[in-house]
Amino acid sequence: MTDCLTNLPSFGVEFPHSKIVDAALAFAKEHCNLLTYNHVVRAAYWSAIIAKKEPSFSGVKLDLELVVLSCVLHDMGWAETKDLLSSDTRFEVDGANIARDFINKFKAQNETEASVWDQNRIQRCWDSIALHTTFSIARFAAPEVAVSACGILADFQGPYFPNGPGGDNLITMEEYRAVTNLFPRAGMTADGFTELMCGICRDKAATTFDNFVSEFGVQFGLDGAGAGKEAFAKEREDANVMKLLLGGLDALEKLDASS
């Protein structure tokens, strides 16, 4: 494993030299475990590979530095340094907020970067991270948001992205082996990911009820082995979004009828 983004010229993967990406790599490595660190770096590689092959990105002027930075920082919401995290926002939003703070601090310490990282660019990085688990939205967003989301999702499918085994896919087996030789999966397996998601259900349950993370709590409990899953499932059902919306409309209908 290496601690920098090694170019893979035989596959057409070359990253722009970037002080802020180098700093982000060091920041992610400092605060995240190896599973998370290797995952976010692999996502940057998949994004670079997919951007060259996916027809919908053909001819698009892509800010690759922004894509890479977004990938590297996208799962800071999984940080081992708990002081970085909130108690009441989704892990994706934690990651986006941490990335925004990181960029602003980097700008303050590096005057030459101040004009390069304007508010529009920072916002696009925030959007890329905040939306990365909502692929049905992210893929229709700005090119950097869409490419980042593709690269991140691809780390769950590798050479089977996006059409499954035997399909017309965007990552070759050779590319997959080259990247994972540099940055091995390091526990990013079904069990490892389940443990991560169950930990979020345990530590920040309310932030999971309206999204996919809660499915892990319902099925696997708060420890990955079933502990507390009945109570968690009841909490999630009580917070059901459909109930909230329909309950609100019923209340308004009664209010309107009484006036």
Side-chain angles (χ1 to χ4, degrees), residues 28 31-37 39-40 43 70-71 73-101 126-141 145 148-149 152-153 155-157 185-258:
H31 295 291
C32 298
N33 62 21
L34 187 61
L35 179 158
T36 301
Y37 180 76
H39 160 62
V40 301
S70 299
C71 287
L73 296 177
H74 85 266
D75 273 334
M76 290 307 301
W78 298 354
E80 299 269 283
T81 307
K82 300 306 179 186
D83 288 348
L84 291 175
L85 308 180
S86 73
S87 61
D88 58 356
T89 57
R90 288 174 56 157
F91 79 82
E92 302 96 329
V93 176
D94 272 351
N97 289 341
I98 291 167
R100 181 172 57 199
D101 292 345
W126 194 97
D127 293 345
S128 297
I129 296 172
L131 292 172
H132 80 266
T133 63
T134 313
F135 192 69
S136 58
I137 295 176
R139 70 191 185 98
F140 297 111
V145 178
S148 299
I152 292 162
L153 181 58
D155 200 46
F156 291 82
Q157 296 179 275
R185 301 203 70 81
M188 185 61 162
T189 61
D191 287 345
F193 186 64
T194 295
E195 183 179 345
L196 262 172
M197 296 299 101
C198 289
I200 295 172
C201 292
R202 179 190 64 240
D203 297 338
K204 300 204 295 184
T207 70
T208 73
F209 292 151
D210 69 343
N211 60 82
F212 81 98
V213 179
S214 64
E215 298 292 339
F216 288 85
V218 169
Q219 184 165 344
F220 300 106
L222 306 182
D223 62 352
K229 70 177 186 178
E230 291 83 4
F232 180 86
K234 184 180 185 308
E235 280 189 75
R236 187 181 74 154
E237 181 59 24
D238 290 343
N240 184 278
V241 174
M242 181 188 71
K243 287 183 177 180
L244 172 67
L245 298 176
L246 295 182
L249 288 172
D250 283 343
L252 291 176
E253 188 175 0
K254 292 174 183 176
L255 177 65
D256 294 345
S258 67

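Treat the numbers as computed from the prediction; the structure is a model and nothing was measured.
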**Study point:** Atom of L84, atom of I98 and distance for their closest heavy-atom approach
**Key:** O-CD1, 3.6 Å
Check your understanding: Below 4.5 Å, heavy atoms only, C-beta onward: do V145 and S128 meet side chain to side chain?
Key -> yes
Check your understanding: Going by atom types only, do N33 and T36 share a side-chain donor-acceptor pair under 3.5 Å?
Key -> yes
Point to revise | Rounded distance (nearest 0.5 Å) linking atom OG1 of T207 with atom CZ of R90 | key: 8.0 Å
Revision key, fill the gap. Between the CH2 atom in W126 and the CG atom in L131, the distance rounded to the nearest 0.5 Å is 7.5 Å
Point to revise | Residues R202 and E195 bridged, charged N to O under 4.0 Å | key: no
Check your understanding: Charged N to carboxylate O under 4.0 angstrom, R185 versus D155?
Key -> yes
Point to revise | Inter-residue atom distance L35.CG - D75.CG, 0.5 Å rounding | key: 9.5 Å
**Study point:** W78 vs D94, side-chain hydrogen bond (donor to acceptor under 3.5 Å, both in side chains): CA-CA, chis, key distance, verdict
**Key:** CA-CA 9 Å; W78 298 354; D94 272 351; over 6 Å; no
Review point. Are the side chains of N240 and E237 in touch, meaning some heavy atoms are under 4.5 Å apart?
Key: yes
Review point. Counting N and O atoms only, with roles assigned by atom type, does the side chain of K204 sit under 3.5 Å from a partner on the main chain of C201, one being a donor and the other an acceptor?
Key: no
Review point. Does a sphere of radius 6.0 Å around CD in Q157 hold more than 12 heavy atoms from other residues, nucleotides or ligands, not counting ones at 6.0 Å or beyond?
Key: yes
Check your understanding: How many angstroms lie between NE2 in H39 and CD1 in I152, if you round to the nearest 0.5 Å?
Key -> 6.5 Å
Review point. Would you say the side-chain atoms of D223 pair up with the backbone N or O of G226, donor to acceptor, closer than 3.5 Å?
Key: yes
Check your understanding: Any salt bridge between K254 and D250, counting N to O under 4.0 Å?
Key -> no
Check your understanding: Rounded to the nearest 0.5 Å, how far does CG of L196 lie from CZ of F91?
Key -> 9.0 Å
Review point. So, does S214 use its side chain to make a donor-acceptor pair with the main chain of N211 at under 3.5 Å?
Key: yes
Exercise for review: Measure up the F193 and F212 rings against each other and bin them: parallel (under 30°), tilted (30 to 60°), perpendicular (over 60°).
Suggested key: parallel
Practice item. Answer yes or no: is there a side-chain heavy-atom contact under 4.5 Å between L249 and E253? Key: no
